[in-house]
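We use all heavy atoms of the structure for the numbers below, so side chains are in, but hydrogens, waters and symmetry mates are not. Throughout, numbering of the chain's residues begins at 1 and tracks the sequence.
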Amino acid sequence: MKKILIVDDEPNIVMSLEYTFKKSNYEVFIARDGQEALELLKTTYPDVIILDVMMPLVDGYATLEQIRKDSNLTHTKVIFLSAKNKESDIEKGMALGADAYLTKPFSIKKVVDQVAELLT
């Protein structure tokens with residue numbers, strides 16, 4: 001069973017993604033901010049992380065920098081899912097090592113398709 005970590009401080013987004021991925025037979029983990037995600041990643045090694053940029057405590061960019069330094073997470077794919085949709089935001093996310101960058105508002109199907117594509 002593939003593992004996915006959803007990191008977002010917006011409960012409606014978390015709930016809809018969690019529901020969708022559980023239905024698709026993923027083991028789903030949830031973190032409400034970057035700090036919570038980094039704590040979880042000390043013991044859990046997901047195949048994919050869906051990561052928001054704008055969050056309290058530790059933002060998505062800083063979270064990704066820490067993820068990319070962790071040798072246990074080298075296989076982990078990271079997808080930014082953010083309302084920050086300027087070209088410079090997307091370029092920054094990709095430069096930090098994101099595998100994909102999707103903008104909000106988003107289509108659940110597009111997120112699921114992107115995850116599937118990264119895992120093949």
Side-chain angles (χ1 to χ4, degrees):
M1 182 181 267
K2 294 286 186 189
K3 295 179 183 174
I4 192 162
L5 170 61
I6 299 165
V7 189
D8 201 308
D9 59 336
E10 174 55 55
N12 293 338
I13 289 173
V14 170
M15 279 191 311
S16 59
L17 289 172
E18 178 183 25
Y19 174 78
T20 302
F21 282 106
K22 280 187 173 175
K23 252 180 54 176
S24 301
N25 291 320
Y26 285 83
E27 187 176 353
V28 179
F29 299 89
I30 304 292
R32 306 276 177 221
D33 58 59
Q35 189 172 320
E36 198 177 315
L38 293 171
E39 278 302 309
L40 191 68
L41 291 170
K42 291 176 182 173
T43 56
T44 303
Y45 310 118
D47 299 287
V48 178
I49 299 171
I50 296 176
L51 184 60
D52 188 13
V53 173
M54 295 182 290
M55 296 180 293
L57 303 177
V58 181
D59 75 8
Y61 294 137
T63 302
L64 180 57
E65 287 182 282
Q66 294 305 308
I67 290 167
R68 290 301 180 222
K69 290 178 187 170
D70 188 331
S71 60
N72 292 313
L73 300 171
T74 52
H75 76 287
T76 302
K77 303 292 184 193
V78 177
I79 301 171
F80 271 123
L81 183 61
S82 177
K84 288 180 80 74
N85 59 6
K86 286 195 201 118
E87 195 59 41
S88 59
D89 299 321
I90 296 168
E91 285 171 6
K92 181 177 180 180
M94 298 306 282
L96 289 171
D99 296 285
Y101 196 114
L102 302 174
T103 56
K104 296 175 184 174
F106 63 95
S107 131
I108 294 269
K109 182 183 182 332
K110 194 168 179 184
V111 175
V112 170
D113 290 349
Q114 183 68 69
V115 167
E117 186 180 313
L118 288 174
L119 291 177
T120 54

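The side-chain heavy atoms of Val7 and Ile49, taken from C-beta on, include a pair separated by under 4.5 Å. Considering only heavy atoms from C-beta on, Val58 stays 4.5 Å or farther from Asp33 through its side chain. Residues Leu5 and Ile50 have side chains not in contact (no heavy-atom distance under 4.5 Å, counting atoms from C-beta outward). Looking at heavy atoms from C-beta onward, Ile30 lies in side-chain contact with Glu18 at the 4.5 angstrom threshold.
The main-chain N or O of Pro46 is found under 3.5 Å from a side-chain atom of Thr76 such that the two form a donor-acceptor pair. Here the side chain of Thr44 pairs no donor or acceptor atom with the backbone of Leu41 at under 3.5 angstrom. Distance alone, capped at 3.5 Å, places no donor-acceptor pair between the Asp9 side chain and the Arg32 backbone.
The pair Glu65-Lys69 does not count as a salt bridge, with every side-chain nitrogen at least 4.0 angstrom from each carboxylate oxygen.
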Cut-off 3.5 Å, no hydrogens considered: what does the side-chain donor-acceptor table look like for residues 82-90, sequence neighbours left out?
from: Ser82; atom 1: OG; to: Lys84; atom 2: N; distance (Å): 2.9
from: Asp89; atom 1: OD2; to: Lys86; atom 2: N; distance (Å): 3.3

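Each ring-ring contact (aromatic ring centres under 6.0 Å, His included) pair with one or both residues in residues 37-93, not counting sequence neighbours, appears once here: Tyr61-Phe80, Phe80-Tyr101. Screening residues 45-54 for salt bridge (charged side-chain N to carboxylate O under 4.0 Å, His left out) gives Asp52-Lys104 as the qualifying pairs, with residues at least two apart or on separate chains.
A 6.0 Å sphere centred on CD of Glu10 holds more than 12 heavy atoms belonging to other residues, nucleotides or ligands.
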